[in-house]
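The structure appears below as structure tokens.
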Amino acid sequence: EALLEDREVHVKRTKVFGCSIKWSGKAKQAKQAKKQWAKEEVSVEVIEKNRVKSIVENNSDNLRLINFWASWCGPCRTEFPDLMKVNYIYRNRDFEFITVSMDSPKNKDKVIEFLKKQNASNRNYVFDGDKYALMETVDPEWPGSVPYTILVKPDGEIIYRKVGAVTDLLELRRK
């Protein structure tokens, strides 16, 4: 109001309270973190329906972001860097990012090649089995298309589901 009335402003500086991650002085640390993440091992394990079921049941203390994708799926490949950003933000908290590729296990090399380019050192799987049975096991609301992303509470409750690419990261992060 003082500026609008062409008067001197009495409070010259207001201190900021909040997480220091927002400060521009963290740029050097962020660059170092990215270099470190690039050095982490990226692996893929073949998984079957019952193990996926136990992942979704989530008997851990962590929120689990689970992304079902395929290397041949354009929207899957496009959204992946954004999901990795979410992983980097929350990975040192009570959070896990898990990917399940719907590629055939015989194409595991393509899957790992893509994941290495993304520095996806999180838990990664390639599904081997009946995809239709998997859909019912994971979430009866899953219509079957990929990408399909769910956020699961420690008790197994799905609190976020997205058919197609996750485009609103803020909505996901709020959940």
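One hydrophobic cluster, built from ILVMFWY side chains closer than 4.5 Å, cannot hold both Leu170 and Tyr90; they sit in different ones. The hydrophobic clustering, which links ILVMFWY residues whose side-chain heavy atoms are closer than 4.5 Å, places Ile112 and Trp72 apart. Residue Met135 is grouped with residue Met102 when hydrophobic side chains (ILVMFWY) are merged at heavy-atom distances under 4.5 angstrom, including chains of intermediate members. There is a path of hydrophobic side-chain contacts, each under 4.5 Å, that joins Val163 to Val56. Leu83 and Ile98 are members of different hydrophobic clusters when ILVMFWY side chains are connected at heavy-atom separations under 4.5 Å.
Considering all non-hydrogen atoms of both residues, Glu141 and Tyr148 come closest at C-OH, 4.4 Å. Of all non-hydrogen atoms in Lys49 and Thr137, the two that sit nearest each other are CD-OG1, 3.2 Å. Smallest separation of non-hydrogen atoms from Ala120 and Phe80: CB-CE2, 4.0 Å. Here the closest non-hydrogen pair linking Asp94 and Asn62 is CA-OD1, 3.2 Å. Asn122 and Phe97 get closest at one heavy-atom pair: CB-O, 3.2 Å. Nearest heavy-atom pair, Val138 versus Ile158, reported as atom, atom and distance to 0.1 Å: O-CD1, 3.9 Å.
Within the model, atoms CG of Leu63 and CZ of Arg93 stand 11.0 Å from one another, a figure rounded to the nearest 0.5 Å. Atom-to-atom distance recorded for Tyr160:OH and Arg173:CZ is 12.5 Å, nearest 0.5 angstrom. Distance check: Ile89 CD1 to Met84 CE gives 11.5 Å after rounding to the nearest 0.5 Å. How far CG of Asn87 is from CG of Leu65: 8.0 Å, rounded to the nearest 0.5 Å. Asp82 contributes atom CG, which lies 8.0 Å from atom CD of Glu79 (distance to the nearest 0.5 angstrom). Residue Ile66 holds its CD1 atom at 6.5 Å from CD1 of Ile55, rounded to the nearest 0.5 Å.
Residue-environment remark: NZ (Lys12) exceeds the threshold of 12 foreign heavy atoms within 6.0 Å. Atom CG of Asp61 has 12 or fewer neighbouring heavy atoms from other residues, nucleotides or ligands inside a 6.0 Å radius. No more than 12 heavy-atom neighbours from other residues, nucleotides or ligands sit within 6.0 angstrom of NZ on Lys34.
Side-chain atoms of Arg77 come within 3.5 Å of backbone N or O of Ser71 as a donor-acceptor pair. Side-chain atoms of Asn107 do not come within 3.5 Å of backbone N or O of Lys110 as any donor-acceptor pair. Counting only distance, with no hydrogens or angles, the side chain of Lys108 and the backbone of Val44 share a donor-acceptor pair below 3.5 Å. The backbone N or O of Trp142 sits nowhere less than 3.5 Å from a side-chain atom of Arg161 that would complete a donor-acceptor pair.
Looking at heavy atoms from C-beta onward, Val166 lies out of side-chain contact with Val86 at the 4.5 angstrom threshold. Considering only heavy atoms from C-beta on, Asn124 stays 4.5 Å or farther from Trp69 through its side chain. In this structure the side chain of Lys162 never reaches within 4.5 angstrom of the side chain of Leu172, judged on heavy atoms. By the 4.5 Å heavy-atom criterion applied to side chains, Val42 and Phe114 are not counted as neighbours.
Using a 4.0 Å cut-off between charged nitrogen and carboxylate oxygen, Glu171 and Lys175 do not count as a salt-bridge pair.
Checking Thr99 against Asn67 by side-chain atom types alone, no donor-acceptor pair falls below 3.5 Å.
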* Under the side-chain contact (heavy atoms from CB on, under 4.5 Å) rule, what do Asp139 and Phe68 come out as? Steps first, then yes or no, please. => CA-CA 12 Å; Asp139 181 8; Phe68 296 88; over 6 Å; no
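With Arg123 as reference, Glu96 is the one residue of Glu41, Glu96, Glu45 to meet the salt bridge (Lys or Arg N to Asp or Glu O under 4.0 Å) rule.
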